[in-house]
Asks: 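The structure is given below, and queries will be raised subsequently.
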Amino acid sequence: MSDKRISDAMENALNAQMMQEAEQAQVYLALGIWAETHNYDGLADFLYKHSTEERNHMFKFLEYINQRGGEAKIEAIPAPTDKPKDVTDCIDTVWKHEVQNSKAIYALTDMALAEKDWPTFNFMQYFVKEQIEEENLISDLRDKLSLATKEKTGNANLYSFDRDLNNAPQDSEIALQKTLGG
Ligand SMILES: [Fe+2]
Ligand SMILES: [Fe+2]
């Protein structure tokens, strides 16, 4: 596709976000490996699936950049550095990454608005909504985990928390979703 319909600055920013999503996928893979090797199979399963979600996000950016006549550019991804101390630390790390990613998504949406690039603005709405769901999902996990560990009844609660994660959906069902038409 030769007719370019995004600015150079937008093409660069979209590419940066594409690599950010790829990095998130690697981070969750690494955290999943941590969980699996510490015998938290439910948490590992959740993180591996979430890694795939992030890779799908990466692909959405890739497709969009190319469709608008730009060119997606694959760069090197830094190795993940997070080394969780325990399950709480692991989930807190996921939370930190999601909040960071939301900020990047909002910055890109702001940029589309400033450039009056309505196709990109429209494209970004998917990710704005996705971040609402992901923040909600992880925040919910944090609440459950804090309940499971609060009573200090040993590892039994942590065990059920991990077992529950086996069935945790990747897309949280939220009331907002209905209002957003998802
Ligand atoms: Fe993502
Ligand atoms: Fe995410």
Side-chain angles (χ1 to χ4, degrees), residues 1-37 43-85 89-139 141-142 168-172 180 182:
M1 215 173 282
S2 55
D3 290 323
K4 194 168 168 188
R5 280 143 295 143
I6 41 172
S7 69
D8 289 348
M10 185 57 81
E11 183 184 20
N12 289 339
L14 287 166
N15 263 303
Q17 186 58 31
M18 176 183 74
M19 290 318 297
Q20 169 77 28
E21 300 288 346
E23 191 175 340
Q24 294 269 102
Q26 298 296 84
V27 164
Y28 293 150
L29 264 189
L31 291 175
I33 291 166
W34 174 85
E36 190 175 3
T37 54
L43 180 57
D45 185 64
F46 176 84
L47 290 164
Y48 289 151
K49 283 181 186 152
H50 209 77
S51 171
T52 304
E53 286 263 304
E54 299 301 347
R55 197 181 147 75
N56 291 342
H57 293 166
M58 185 267 300
F59 228 92
K60 273 188 190 292
F61 278 98
L62 181 157
E63 279 176 341
Y64 180 75
I65 296 164
N66 290 346
Q67 275 168 7
R68 300 299 293 161
E71 187 181 348
K73 294 177 194 78
I74 303 301
E75 309 275 357
I77 305 171
T81 51
D82 304 296
K83 296 264 178 274
K85 289 194 297 283
D89 193 32
C90 180
I91 307 267
D92 283 350
T93 303
V94 174
W95 174 249
K96 187 190 78 191
H97 281 286
E98 286 302 330
V99 170
Q100 240 170 36
N101 198 47
S102 293
K103 280 188 191 151
I105 294 289
Y106 302 154
L108 206 43
T109 312
D110 262 351
M111 188 175 165
L113 181 72
E115 285 195 9
K116 296 192 195 308
D117 176 349
W118 304 125
T120 302
F121 186 75
N122 180 259
F123 170 73
M124 290 310 297
Q125 300 312 305
Y126 170 87
F127 288 97
V128 171
K129 183 168 173 265
E130 188 69 12
Q131 286 309 114
I132 296 174
E133 289 174 11
E134 296 205 357
E135 282 182 15
N136 193 60
L137 179 70
I138 309 301
S139 170
L141 286 189
R142 272 154 61 93
Q170 290 297 317
D171 297 312
S172 62
L180 289 171

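As the structure is a computational prediction, the values presented were derived from the model and not from experiment.
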Asks: Would you say the side chain of E36 lies within less than 4.5 Å of the side chain of Y48, judging by non-hydrogen atoms?
Replies: yes
Asks: Distance-only, no hydrogens or angles: does the Q125 side chain make a donor-acceptor pair with backbone N or O of F121 under 3.5 Å?
Replies: yes
Asks: Quick one, V94 and F46 - any side-chain contact, counting heavy atoms below 4.5 Å?
Replies: no
Asks: Does some side-chain heavy atom of D82 sit less than 4.5 Å from a side-chain heavy atom of H97?
Replies: yes
Asks: Enter the distance from I91:CD1 to R142:CZ here, rounded to the nearest 0.5 Å.
Replies: 9.5 Å
Asks: If you count heavy atoms of other groups shown closer than 6.0 angstrom to CZ of F59, is the number above 12?
Replies: no
Asks: Report yes if the side chains of L108 and F61 come closer than 4.5 Å at any heavy-atom pair, otherwise no.
Replies: yes
Asks: Verify the distance criterion only: is there a donor paired with an acceptor across the side chains of H57 and N101 at less than 3.5 Å?
Replies: no
Asks: Check whether any side-chain heavy atom of D117 sits under 4.5 Å from a side-chain heavy atom of S7, and report yes or no.
Replies: no
Asks: Is it the case that E134 and H50 place a side-chain donor and acceptor less than 3.5 Å from each other?
Replies: yes
Asks: Evaluate the side-chain proximity of M111 to M124: yes if any heavy-atom separation is below 4.5 Å, no if none is.
Replies: no
Asks: Would E53 and Y28 count as having a side-chain donor-acceptor pair, cut-off 3.5 Å?
Replies: no
Asks: Look at the side chain of D3 and the backbone N and O of G69, then say whether any donor-acceptor pair between them is shorter than 3.5 Å.
Replies: no
Asks: Answer whether the closest heavy-atom distance between the side chains of E21 and I105 falls below 4.5 Å.
Replies: yes
Asks: Quick one: does any side-chain atom of N15 pair with a main-chain N or O of E71 as donor and acceptor, under 3.5 Å?
Replies: yes
Asks: Should the pair D45-K49 be classified as a salt bridge under the 4.0 Å nitrogen-to-oxygen rule?
Replies: yes
